[in-house]
Enquirer: 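Please read through the structure below; I'll follow up with questions.
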Amino acid sequence: MTSMKRRIFLKGSLATGAVGIAVSTGLLTPRSAIAAWSKAAFEAKDVNAGVSALYGSAGMADSDKIQIKAPDIAENGAVVPVSVTTSIDGASSISMFADKNATPLTAEFNLGPSTEGYVSTRIKMGKTANVIAVVKAGDKLYSAKKEVKVTIGGCGG
Amino acid sequence: MASIKMRANVKDGVTTIKALISHPMDTGLVKDKKTGKVIPAHFIQEVVCTHKGATVMTANWGPAISKNPYLSFKFSGAAAGDTVNLSWVDNKGEKDSADAAIK
């Protein structure tokens with residue numbers, strides 16, 4: 001009986017400890033802006049889970065209206081320039097995934113009504129992988145991918 | 001803390017924003033070589049760009065964006081001389097913002 005109580009006590013203290021850490025690192029800062037940041041999507045371990053967490057469904061159609069500009073061979077995985085251009089009408093969101101990263105979702109861009117279907121940034125890639133661009137237009141999801149060979153990974157020490 | 005370098009150029013009605021932000025973007029996976037301790041995650045989570053009070057772009061970033069992030073995008077409806085504002089917030093609650101006049 002005593003050991004049971006001790007177990008419950010340990011569980012309780014562990015839980016509060018985790019919350020305390022989250023508060024101190026600002027993860028639980030009550031800001032409406034942060035609420036848009038999908039923790040589940042960014043911590044998803046594979047592409048489909050990430051897409052589902054981000055957009056609510058993983059049903060994507062391949063599209064030739066999405067162009068990914070990225071190097072065929074990236075010498076340094078810590079800095080891989082990636083540009084995504086889409087000519088799909090009404091694109092409201094563009095996201096980028098590197099499918100072999102521990103957490104594939106790298107970035108999601110919400111486009112305003114006057115924003116063109118173009119974003120460019122630099123991402124980290126752990127190893128050779130496909131860069132997958134997902135575009136949301138209306139209720140539909142479109143995707144395209146491009147393989148990037150990475151000679152030096154950029155996600156670990 | 002001027003962490004943002006931004007340029008905005010308008011051509012044929014389309015404004016191109018190019019921005020560089022100084023930020024370590026630590027993933028929380030890398031060990032410090034000297035102390036052997038894991039460097040805690042420290043990365044920008046949200047970047048917002050506004051023009052005349054309207055949001056043209058909201059970027060949600062994970063730790064897999066490279067150190068000292070680069071960001072570029074385009075939008076229409078702005079004219080030379082207008083001001084655009086770019087701001088970011090990271091997972092520690094640090095933030096910064098900058099204005100640039102469109103050329």
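Order of the sequence lines fixes the chain letters, A, B, ..., with proteins taken first and strands second; residue numbering starts at 1 for each chain.
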Enquirer: Please determine which of N110(A), T115(A), L111(A) meets the side chain to side chain contact (heavy atoms under 4.5 Å, CB included) test together with V56(B).
Expert: T115(A)
Enquirer: Does the side chain to side chain contact (heavy atoms under 4.5 Å, CB included) test come out yes or no for F109(A) and L71(B), once each step is laid out?
Expert: CA-CA 11 Å; F109(A) 301 88; L71(B) 170 68; 3.4 Å; yes
Enquirer: Above 12 or not: heavy atoms from other molecules or residues under 6.0 Å from CG of D139(A)?
Expert: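 No - once you tally the heavy atoms of other residues, nucleotides and ligands closer than 6.0 Å, there are 12 at most.
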Enquirer: Could you look at Y118(A) and say if it's the side chain, the backbone, both or neither that has a heavy atom under 4.5 Å from chain B?
Expert: both
Enquirer: Non-hydrogen atoms of chain A under 4.5 Å away: do they reach the side chain of K18(B), the backbone, both or neither?
Expert: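 Neither; nothing under 4.5 Å.
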Enquirer: Considering all heavy atoms of both residues, which atom of A107(A) and which atom of W61(B) are nearest to each other, and what is their separation?
Expert: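 Minimum heavy-atom separation between A107(A) and W61(B): CB-CD1, 3.5 Å.
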Enquirer: What closest approach, in Å, do S66(B) and A78(A) show between heavy atoms, and which atom pair accounts for it?
Expert: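 For S66(B) and A78(A), the tightest heavy-atom pair comes out as OG-O, 2.6 Å.
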Enquirer: With a 4.5 angstrom heavy-atom cut-off, is it the side chain or the backbone of L20(B) that approaches chain A, or both, or neither?
Expert: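 Answer is side chain: those atoms of L20(B) sit under 4.5 Å from chain A.
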Enquirer: As an exercise, state the distance from OG1 of T85(A) to NZ of K74(B), rounded to the nearest 0.5 Å.
Expert: 7.0 Å
Enquirer: In Å, rounded to the nearest 0.5 Å, how long is the span from OG of S38(A) to CG of N60(B)?
Expert: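 Going from the OG atom of S38(A) to the CG atom of N60(B) covers 8.5 Å.
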Enquirer: Can M25(B) be reached from V48(B) by stepping across I, L, V, M, F, W or Y side chains whose heavy atoms are under 4.5 Å apart?
Expert: no
Enquirer: For atom NZ of K146(A), is the number of surrounding heavy atoms from other residues, nucleotides or ligands below 6.0 Å larger than 12?
Expert: yes
Enquirer: Answer with yes or no whether the hydrophobic clustering places V131(A) together with V79(A); edges join I, L, V, M, F, W, Y residues whose side-chain heavy atoms lie under 4.5 Å apart.
Expert: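 Cluster IDs for V131(A) and V79(A) differ.
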Enquirer: Is the side chain of T106(A) donor-acceptor paired with the backbone N or O of I65(B) at a distance under 3.5 Å, no angle test?
Expert: no
Enquirer: Counting only heavy atoms closer than 4.5 Å, note whether V14(B) contacts chain A via side chain, backbone, both or neither.
Expert: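 Side chain of V14(B) only, per the 4.5 Å heavy-atom cut-off to chain A.
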Enquirer: Mind checking the OH-OG spacing from Y70(B) to S120(A)? Nearest 0.5 Å is all I need.
Expert: 4.5 Å
Enquirer: Nearest 0.5 angstrom please: E116(A) CD to F75(B) CZ, how far?
Expert: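 Reported to 0.5 Å precision, the distance equals 10.0 Å.
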Enquirer: With rounding to the nearest 0.5 Å, note down the distance linking OG1 in T58(B) to CD in E108(A).
Expert: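 The OG1 atom of T58(B) sits 9.0 Å away from the CD atom of E108(A).
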Enquirer: Can you tell me how far NZ of K67(B) sits from CZ of R122(A), rounded to the nearest 0.5 angstrom?
Expert: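 Atom-to-atom, R122(A):CZ and K67(B):NZ are 11.5 Å apart.
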Enquirer: Can you tell me which portion of T55(B) sits under 4.5 Å from chain A's heavy atoms? Options are side chain, backbone, both or neither.
Expert: backbone
Enquirer: Counting distance only, does the side-chain N/O of S76(B) pair as donor-acceptor with the main-chain N or O of S114(A) below 3.5 Å?
Expert: yes
Enquirer: Could you tell me how the ring of W37(A) sits relative to the ring of F43(B): parallel (under 30°), tilted (30 to 60°) or perpendicular (over 60°)?
Expert: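 Judged by the thresholds at 30° and 60°, the geometry between W37(A) and F43(B) is tilted.
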Enquirer: Between V80(A) and chain B, with a heavy-atom cut-off of 4.5 Å, which part of the residue counts as in contact: side chain, backbone, both or neither?
Expert: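 Just its backbone gets close to chain B.
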